[in-house]
Amino acid sequence: MAQVDENHVIAERREKLKAIRAQGVAFPNDFKPDALAANIHADHGDAENEVFEAKAVNVKVAGRMMLKRVMGKASFATIQDGSGANAGHRLQLFISRDNIGEEAYEAFKHWDLGDIIGATGYLFKTKTGELSVKVTALRLLTKSLRPLPEKFHGLTDQEVKYRQRYVDLIVNEETRATFVVRSKVVSAIRNFMIQNEFLEVETPMLHPIPGGASAKPFMTHHNALDMQMFMRIAPELYLKRLVVGGFERVFEMNRNFRNEGLSVRHNPEFTMMEFYAAYTDYHWLMDFTEQCIRAAAIVARGTATLTYDGKVVDLSKPFERLTIVGAIQKYAPQYTLAQLNDVAFLRAEIMKHGTKPFDHAGLGALQLALFEETAEAQLWQPTYIIDYPVEVSPLARASDKNPEITERFELFITGREMANGFSELNDAEDQAARFTSQMKAKEAGDVEAMYYDADFIRALEYGMPPTGGCGIGIDRLVMLITDSPSIRDVILFPHMRPEA
RNA sequence: GGGGCGUUAGCUCAGCUGGUAGAGCAGCGGACUUUUAAUCCGUUUGUCGUGGGUUCGAUCCCCGCACGCCCUACCA
């Protein structure tokens, strides 16, 4: 790779590294820290100097030098280690010529912000009361060749934050905090599932037939088998095969891939937690999903009452449940019930909003389209929308009372879809018929219609117990819990176009 | 795909509808033994995103392109 972005600062540091190499091992790996900044603050932050004078507390610490103040024969430096997401992972060092010797002190004066250093010394408090290490020995562990962003303003360029996340993480506390919260959300959900006796499983990412959702897949090719394969768009059909096999409660939290547009809510690969529980239905799923999300918020943030984009989102109360028509009536009350059941009216009304419904769209699909145009974005507080039409739900169990609708829900929070679940279709013959109708739609030009998965039908023919299943969008949930405006803010390495 | 905004030093940003660029930080040299974005003195650094056009002259005006952000569309 050409070093297109070399500059005089980097050149200066390369010269320094050259001199260090000439003196011996430039990248030593024999310094073993025995304490972390956050723990030191926690354990000794309240102690006064008399305590340290009575009994010296010796520490070996290491980290990246973030601040450096040289005042003649004595200096302060601030290092940052991996011990926390807040200012607690920083620690101040007091370095003086008299304590570490002339030669070491001269060397230190030429070290740079960003260098990784190791310090041995003992704790004390400065005049202003800051817990610090009086350094008795100091070593350069890794020379940093590239200058860090400006120490006060940090890194604000959105593009560089995404492309060079490592720099973003070094200098922006909020970024570190976001991904620590993400990790807590993921582990909270995993714990919640395991506590509820779900088995965590891993199903294929490479599918011979893409299934489980209506989406455009990424295509790839397996050389040895000389066959086309698809990156999975959803794990659904494999997880249900496991329910057939007798794993009656399974979940998988992993990546799905969809070859579609990017936006603040869409990344081509995203994380979904999908779960199936035999002998449950969509009512149970809604109760359970609600508890799971609430538990994740409480573990990650300590509360189920969140703020998103300056507005309260209350996850602590039972989530509202509305039918599609009910939601339109609540959020777009200008429509009469008669209009909402009038196919011609709905079609015209949707066209007015700039969307052209499919020619074959039935009443339910049209009601859904109008809901999406008028009500969806207003669902700020957690709301379940229920009773989705059969024609857009090829894997969901139809209602026993009304064969046109399914026992399905989607969960909306802050106007965004967070989860989608339903009582599963376990009638193999009905499922085969639904696949056949999807194939017809595909032949008619619907690129997102599903493929016919004969092995999945065969599995259902062995008998799948009545089951409920649901998928929760982890990235969007983390956006909500971390008050992040873009999905890219909660994905460590979001997809970008190649650099120019 | 459509629209808006942006791209100037390593970073954060100024730059008067036109005369080929500045500040702070970082860097380099110096002073300084309790600083907190340390301070003080001196000092280096730019294909002004890119390619055309207009002009005596373009960072600035016009057009194309690239990349980014936002909105919109698509996408359950």
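Since the structure is predicted, the reported quantities are computational estimates derived from the model, not experimental observations. Naming: A, B, ... by sequence-line order, numbering from 1 per chain.
When the P atom is used for both B:U34 and B:U39, the distance is 16 Å, rounded to whole Å. Comparing B:C32 with B:G51, their P atoms are spaced 49 Å from each other, to the whole Å. Separating the C1' atom of B:G19 from that of B:A26 is a span of 32 Å, rounded to the nearest Å.
Residues forming a ring-ring contact (aromatic ring centres under 6.0 Å, His included) with A:Tyr282 (at least two apart in sequence, or on another chain): none. For A:Thr307, the side chain to side chain donor-acceptor pair (under 3.5 Å) test picks out no residue, with sequence neighbours left out. Taking the side-chain contact (heavy atoms from CB on, under 4.5 Å) definition, one finds that A:Ala215 meets it with A:Ile233, A:Arg258, A:Glu260, sequence neighbours left out. Here A:Asn267 pairs with A:Glu269, A:Ile487, A:Ile491, A:Pro494, A:His495 under the side-chain contact (heavy atoms from CB on, under 4.5 Å) rule; sequence neighbours left out. Remark: A:Met219 engages A:Gln228, A:Phe230 in a side-chain contact (heavy atoms from CB on, under 4.5 Å) (not counting sequence neighbours). Under the rule for a side chain to side chain donor-acceptor pair (under 3.5 Å), A:Arg64 has no partner lying at least two apart in sequence or in another chain. Not a single side-chain contact (heavy atoms from CB on, under 4.5 Å) links A:Ser437 to another residue, sequence neighbours left out.
Atom CD1 of A:Ile170 is separated from atom C1' of B:C11 by 13 Å (rounded to the nearest Å). The interatomic distance linking A:Lys161 (NZ) with B:C11 (P) rounds to 15 Å, in whole Å. The nearest whole Å value for the distance from the NZ atom in A:Lys134 to the P atom in B:U35 is 13 Å. When the P atom of B:U39 is taken as reference, atom CZ of A:Arg69 falls 10 Å away, rounded to whole Å. With rounding to whole Å, A:Gln164 atom CD is found 18 Å from B:C67 atom P. In this structure, the CD1 atom of A:Ile95 is 15 Å from the P atom of B:U35, given to the nearest Å. If you measure from atom CG of A:Leu91 to atom C1' of B:U34, you get 15 Å, rounded to the nearest angstrom. Separating the NE2 atom of A:His495 from the C1' atom of B:C67 is a distance of 18 Å, rounded to the nearest angstrom.
Stem regions annotated for RNA chain B: B:1-7 with B:66-72, B:10-13 with B:22-25, B:27-31 with B:39-43, B:49-53 with B:61-65, counting only runs of 3 or more consecutive pairs of Watson-Crick or G-U type with both contacts under 3.5 Å.
With distances taken from any side-chain atom of A:Ala74 to the nucleotides B:C75, B:G29, B:U33, the minimum falls on B:U33. Here B:C32 is the nucleotide among B:C32, B:U35, B:G29 with the atom lying nearest to any side-chain atom of A:Val70. Comparing B:G27, B:U12, B:C75 by their nearest atom to the side chain of A:His153 picks out B:U12. The side chain of A:Phe76 has B:U35 as its nearest neighbour among B:U33, B:U35, B:A26. Nearest to the side-chain atoms of A:Lys216 among the listed nucleotides B:C28, B:A38, B:C74 stands B:C74. Here B:A37 is the nucleotide among B:U34, B:U33, B:A37 with the atom lying nearest to any side-chain atom of A:Leu67. Side chain of A:Ser96, nearest nucleotide from B:U12, B:U33, B:G27: B:U33. When the nucleotides B:C11, B:A26, B:U33 are ranked by their closest atom to the side chain of A:Glu150, B:C11 comes out on top.
As judged by a 4.0 angstrom heavy-atom cut-off over every strand, A:Thr126 is placed among the base-contacting residues. Nucleic acid contact for A:Glu130: base, since at least one base atom lies under 4.0 Å from a heavy atom of the residue. Counting any heavy atom pair closer than 4.0 Å across all strands shown, A:Phe409 reaches no nucleic acid atom. As judged by a 4.0 angstrom heavy-atom cut-off over every strand, A:Arg416 is placed among residues making no nucleic acid contact. Among the heavy atoms of the strands lying under 4.0 Å from A:Lys151 are primed sugar atoms or P, OP1, OP2 only; no base atom is included.
Heavy-atom minimum distance, A:Val313 versus A:Ile413: CG1-CG2, 3.6 Å.
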Open item on the list: Does the protein touch nucleotides 42-50 of chain B at the base, only the backbone, or not at all? Give it as B, S and - per nucleotide, heavy atoms under 4.0 Å.
Closed with: --BB-----

When the side chains of residues 387-395 of chain A are checked against the rest of the protein, which donor-acceptor pairs come out under 3.5 Å, sequence neighbours left out?
residue, atom, partner, partner atom, Å
A:Tyr388, OH, A:Glu410, OE1, 3.4
A:Glu391, OE1, A:Gly362, N, 3.1
A:Glu391, OE2, A:Gly362, N, 3.2
A:Glu391, OE2, A:Ala365, N, 3.4
A:Ser393, OG, A:Pro389, O, 2.9
A:Ser393, OG, A:Arg408, NH1, 2.7

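Using bins of under 30°, 30° to 60° and over 60° for the plane-to-plane angle, the ring pair A:Phe94/A:Phe124 lands in the perpendicular bin. In this pair, A:Phe409 and A:Tyr384 present their aromatic rings perpendicular. The plane angle is above 60°, beyond the 30 to 60° band.
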At a cut-off of 3.5 Å, list every protein nitrogen or oxygen paired with a nitrogen or oxygen from nucleotides 68-70 of chain B, distance to 0.1 Å.
residue, atom, partner, partner atom, Å
B:G68, OP1, A:Arg497, N, 2.9
B:G68, OP2, A:Arg497, NE, 2.9
B:G68, O4', A:Glu159, OE1, 3.2
B:C69, OP1, A:Arg488, NH1, 2.2
B:C69, OP2, A:Arg488, NH1, 2.9

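Under 3.5 Å, the side chain of A:Gln92 and the base of B:U35 form at least one donor-acceptor pair of N or O atoms.
In summary, the side chains of A:Asp168 and A:Asn172 do present a donor paired with an acceptor at a separation below 3.5 Å, with no hydrogens or angles considered.
Listed by first and then second residue, the salt bridge (Lys or Arg N to Asp or Glu O under 4.0 Å) pairs that reach into residues 121-137 of chain A come to none, sequence neighbours excluded.
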